[in-house]
Amino acid sequence: MQISPVTAQTIMAGVIGKPVAHSLSPMLHNTWLAARQIDGVYIPLEVGENDMEEAMKWLVKVGFRGCNITIPHKERALQLVDEVEEVAESIGAVNTIVVQNKKLLGFNTDAYGFWENIKPKIKDKEATLSHAVVLGAGGAARAVVYALKKAGAKQIHIIARDPQKAESLAEVSEDITISECSDLNLHLSSASLLINTTPLGMKGKEASSWDLVRLSKDALVTDIVYNPIQTQLLRDASTRGNAVVDGLGMLIHQALPGFEAWFGQRPELQNIDELKQELITRGGLG
Ligand code: NAP
């Protein structure tokens with residue numbers, strides 16, 4: 001039996017969230033580390049809301065190169081870092097922290113990950129971005145809307161169970177509109193892109209029950225939930241003949257900038273389908 005020792009030189013990074021045990025990020029980063037024989041480790045760190053400030057100080061003190069931030073701390077992390085990059089500032093959330101000269105630098109790579117994931121599936125960019133319908137208005141929706149605007153989306157419609165909470169998203173641009181869930185049908189017939197950013201359909205959460213009957217067969221459908229890999233929304237959309245994109249690619253793409261900053265190498269993604277299959281099998285995402 002061979003035990004690989006953690007040494008004083010071992011580069012440390014991790015993911016902070018609560019709960020965090022379900023996160024696939026440790027499996028993903030440690031797979032990349034092993035494949036590149038990098039002396040590094042990436043660990044899940046369960047931290048509650050009241051301990052976030054202390055955890056941030058602790059990261060620097062014990063020599064972490066940085067971390068990812070997941071639910072529910074992305075907005076809080078924005079307040080706790082020393083410097084924030086422009087994208088994270090605009091989105092209003094930090095999902096990646098890099099420690100540099102004992103300072104915490106905050107980034108957001110969710111928008112990048114979202115766009116890189118769906119880009120290869122888009123045949124006609126102008127047509128697909130003509131009318132995007134976003135389900136949900138939480139932290140991930142903010143990153144998705146940012147990515148869509150950057151990519152040139154003409155019209156974005158947000159479906160929120162509490163439209164008031166989503167108002168700040170509409171302030172980003174006048175072509176962003178909001179309505180409540182019961183209005184979904186009105187918007188589906190003209191939608192060219194449908195994105196679920198709610199946790200509905202996620203393992204252990206409520207099942208989704210979006211009725212897609214009015215959705216055009218030409219619309220691209222994506223779900224940022226990746227456990228299970230084929231959510232009810234994606235299954236329903238596929239059955240109707242719509243092209244679909246699962247959320248696992250977003251997780252993989254959003255992880256790249258952090259990995260590169262902490263461990264000094266950027267993994268190539270030529271074999272992303274192989275990597276996805278490995279995560280699906282080992283992570284039990286069936
Ligand atoms: P969040 O900030 O809690 O936002 C969730 C949104 O969904 C809120 O607008 C919430 O509405 C809405 N929602 C929740 N339950 C609903 C329901 N039953 N019906 C209608 N709307 C509902 O969470 P988040 O950070 O945006 O994350 C959302 C999901 O995306 C999570 O499942 C997360 O794992 C996933 N995600 C995936 C990736 C990836 O890399 N693939 C990256 C980020 C996030 P209220 O505001 O009214 O509660």
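Indexing begins at 1, ligand by ligand and atom by atom, following the structure's order. Everything numeric in this text was worked out from a predicted model, so none of it was measured.
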For Leu200, the ligand 1 atoms with a heavy-atom partner under 4.0 Å come out as 17 (C), 18 (N), 19 (N)
A student checking ligand 1 against Met202 at a 4.0 Å heavy-atom cut-off should list atoms 32 (O)
Check: So, is Gly138 polar-close to ligand 1, with some N/O to N/O distance under 3.5 Å?
Finding: yes
Note to self: If you measure every N or O of Leu251 against every N or O of ligand 1, does any of those distances drop under 3.5 Å?
What the structure shows: yes
Polar contact flag for Val225 and ligand 1 (N/O pairs, less than 3.5 Å): no
Near Thr197 (heavy-atom distance under 4.0 Å), the atoms of ligand 1 are 28 (C), 29 (C)
Q. Taking the six-membered ring where the residue is Trp, are the ring centres of Trp262 and His29 under 6.0 Å apart?
A. yes
Would you verify that at least one protein heavy atom lies under 4.0 Å from atom 36 (N) of ligand 1, or report that none does?
-> yes
Near Lys74 (heavy-atom distance under 4.0 Å), the atoms of ligand 1 are 43 (C)
Indicate yes or no for a side-chain donor-acceptor contact from Arg142 to the backbone of Ala93 under 3.5 Å, with no hydrogens or angles considered.
no
Using atom types as modelled and distance alone, determine if a side-chain donor or acceptor of Arg266 lies under 3.5 Å from a backbone N or O of Ala261. no
For Ala140, the ligand 1 atoms with a heavy-atom partner under 4.0 Å come out as 24 (P), 25 (O), 26 (O), 27 (O), 44 (C)
| Considering distance alone, does some N or O of Arg161 sit under 3.5 Å from an N or O of ligand 1? | yes
Contact region, Lys165 to ligand 1, non-hydrogen atoms below 4.0 Å, reads side chain
(message) Strictly below 4.0 Å, N to O, side chains only: are Asp82 and Lys102 in salt-bridge contact?
(response) no
Less than 4.0 Å is my threshold; does some heavy atom of Ala160 fall inside it relative to ligand 1? no
Residues passing the ring-ring contact (aromatic ring centres under 6.0 Å, His included) test with His187, sequence neighbours excluded, are His157
